[in-house]
Amino acid sequence: DIQLTQSPSFLSASVGDRVTITCRASQGLSSYLAWYQQKPGKAPKLLIYAASTLQSGVPSRFSGSGSGTEFTLTISSLQPGDFATYYCQHLNGFPLTFGGGTKVEIK
Amino acid sequence: EVQLVESGGGLVQPGGSLRLSCAASGLTFSDQHMDWIRQAPGKGLEWVGRIRNQDYSHTTEYAASAKGRFTVSRDDSQNSLYLQMNSLKTEDTAVYYCARAMNGRYFDLWGQGTLVTVSS
């Protein structure tokens, strides 16, 4: 099974900060990786798929990059509504797996 | 409006069974690959299982934790997805989400989730 390791697991940041979250895969994924945002008590929301493609309706301050085994999610200027937990997910065969999550909290 | 609505969660004793449902609306349900994903309290997301669309003969895939105990099924005439859970364990306690697997790879549409609690 493909293991996804996110870092950091917790991040404290201020509004306006640039934030980067990393997802490392135990084997190569090509570009088959997605990023989700989840707020407490809510279902996850798709942000990025195919490593770098922004889902429709997602603000352009979110971006994704990477291929192979290392991927990043960047928020260029953190907004109040961005404080949430972020998950990566691989799309490269079964079983599908998610990273452990990165919780972004207000500094 | 395109939406997925889960139901059927609740409290069940260890060893018991439960059937979750997911009602889809606003989309051509029969064309979709559909998945179940769960989240234990305070924990991360765990993929449970998939059922493919009719073009792929409704074949299924399961996580190791679900294989042999859980069954994903669907009724395209009712626009409904199901998760039959047998031999439930305390570690199956979670919010269960149904989700559409767009292009069979990423989850672009999620339900609101239904809570399953396995406890004596």
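Any value given below was found using the heavy atoms of this structure, including those in side chains, with hydrogens, waters and symmetry copies removed. Note on naming: letters A, B, ... go to the chains in the order of the sequence lines (proteins, then strands), and numbering restarts at 1 for each one.
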Undergrad: Non-hydrogen atoms of chain B under 4.5 Å away: do they reach the side chain of A/Pro40, the backbone, both or neither?
TA: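 Contact with chain B involves no heavy atom of A/Pro40 at all.
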
Undergrad: Compute the centroid of each ring, for A/Phe94 and then for B/Trp47, and state whether the two points are separated by less than 6.0 Å.
TA: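 Between B/Trp47 and A/Phe94, which both carry aromatic rings, the centre distance is below 6.0 Å.
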
Undergrad: Identify which of A/Gly93, A/Pro95, A/Ala50 forms the greatest number of heavy-atom pairs closer than 4.5 Å to chain B.
TA: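 Among A/Gly93, A/Pro95, A/Ala50, the one with the most close pairs to chain B is A/Pro95.
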
Undergrad: In terms of side-chain geometry, is the basic nitrogen of B/Arg38 or B/Glu46 positioned less than 4.0 Å from the acidic oxygen of its partner?
TA: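 Looking at B/Arg38 and B/Glu46, the cut-off is met.
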
Undergrad: Near A/Tyr32 OH, under 6.0 Å, is it more than 12 heavy atoms from other residues, nucleotides or ligands?
TA: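 12 or below, so no.
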
Undergrad: Most heavy-atom pairs under 4.5 angstrom with chain A, which of B/Asp35, B/Val95, B/Leu45?
TA: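 Answer, by heavy-atom pair count under 4.5 Å with chain A: B/Leu45.
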
Undergrad: What residue in A/Ala43, A/Pro44, A/Gly99, A/Gly100 has the most heavy-atom pairs under 4.5 Å with chain B?
TA: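 Most heavy-atom pairs within the cutoff with chain B belong to A/Pro44.
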
Undergrad: Is the count of non-hydrogen atoms from other residues, nucleotides or ligands lying under 6.0 Å from B/Tyr56 atom OH greater than 12?
TA: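 It does not: B/Tyr56 OH has 12 such atoms or fewer within range.
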
Undergrad: Side chain, backbone, both or neither: which part of B/Ile37 has a heavy atom under 4.5 Å from chain A?
TA: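 Just its side chain gets close to chain A.
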
Undergrad: Tell me, for B/Tyr97 versus chain A, whether the close heavy atoms (under 4.5 Å) come from the side chain, the backbone, both or neither.
TA: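 When you check distances to chain A, only side chain atoms of B/Tyr97 fall under 4.5 Å.
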
Undergrad: Please confirm whether the backbone N or O of A/Ala84 pairs with a side-chain atom of A/Gln38, one donor and one acceptor, at under 3.5 Å?
TA: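 It does not hold such a pair.
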
